[in-house]
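First up is the structure itself, then whatever we jot down about it.
What you see is a predicted model, and the numbers here were worked out from it, not measured in a lab.
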Amino acid sequence: MKQVVELVEPELPRLTFRQWHEVLAAVGEDLDRVLSFPQWAKLAGLSERTGRDIIERGDGPKVVQLSPNRIGIRVCDHRDWLAARTRQAASTK
């Protein structure tokens, strides 16, 4: 009697085409690409209000003033900001 083993692929989250496009665009090769403020907040996993609070406190990434009432964040500045906020694993004794 032969035993049949069925391989099950892990369930991946289903994204719409637009969501996939946004993800791929955000991590693309163009590090000087400017993200709109809402795009940056979404990429960072923050609400827009929390993102604005972080930037107003001076704790956020460098900001590009696109027009008198509009700001953006370059992908490279977002990555630098994330790197600066990444904590090292606690060493065990």
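In this structure, the side chain to side chain contact (heavy atoms under 4.5 Å, CB included) partners of Ala41, at least two apart in sequence or on a different chain, are Glu48. Taking the salt bridge (charged side-chain N to carboxylate O under 4.0 Å, His left out) definition, one finds that Arg70 meets it with nothing, sequence neighbours left out. Take Gln65 and apply the side chain to side chain contact (heavy atoms under 4.5 Å, CB included) test, not counting sequence neighbours, and it matches Ile71. With sequence neighbours left out, Asp80 forms a side chain to side chain donor-acceptor pair (under 3.5 Å) with no residue at all. Looking at residues two or more places apart in sequence or on another chain, you find no side chain to side chain contact (heavy atoms under 4.5 Å, CB included) involving Pro68.
Looking at Ile73 and Val34, their side chains never come closer than 4.5 Å, going by heavy atoms from C-beta outward. Counting heavy atoms from C-beta on, the side chains of Trp40 and Ile55 come closer than 4.5 Å.
Applying the salt bridge (charged side-chain N to carboxylate O under 4.0 Å, His left out) definition to pairs two or more places apart or across chains, those involving residues 58-68 are Arg57-Asp59.
Proximity of a side-chain donor or acceptor of Thr50 to a complementary backbone N or O of Leu46 within less than 3.5 Å is not detected. With Gln39 contributing its side chain and Ser36 its backbone, the two residues share a donor-acceptor pair below 3.5 Å.
For the atom pair Trp81 CH2 and Thr86 OG1, the distance stands at 10.0 Å (nearest 0.5 Å). Atom NE2 of His78 is separated from atom CG of Leu43 by 4.0 Å, given to the nearest 0.5 angstrom.
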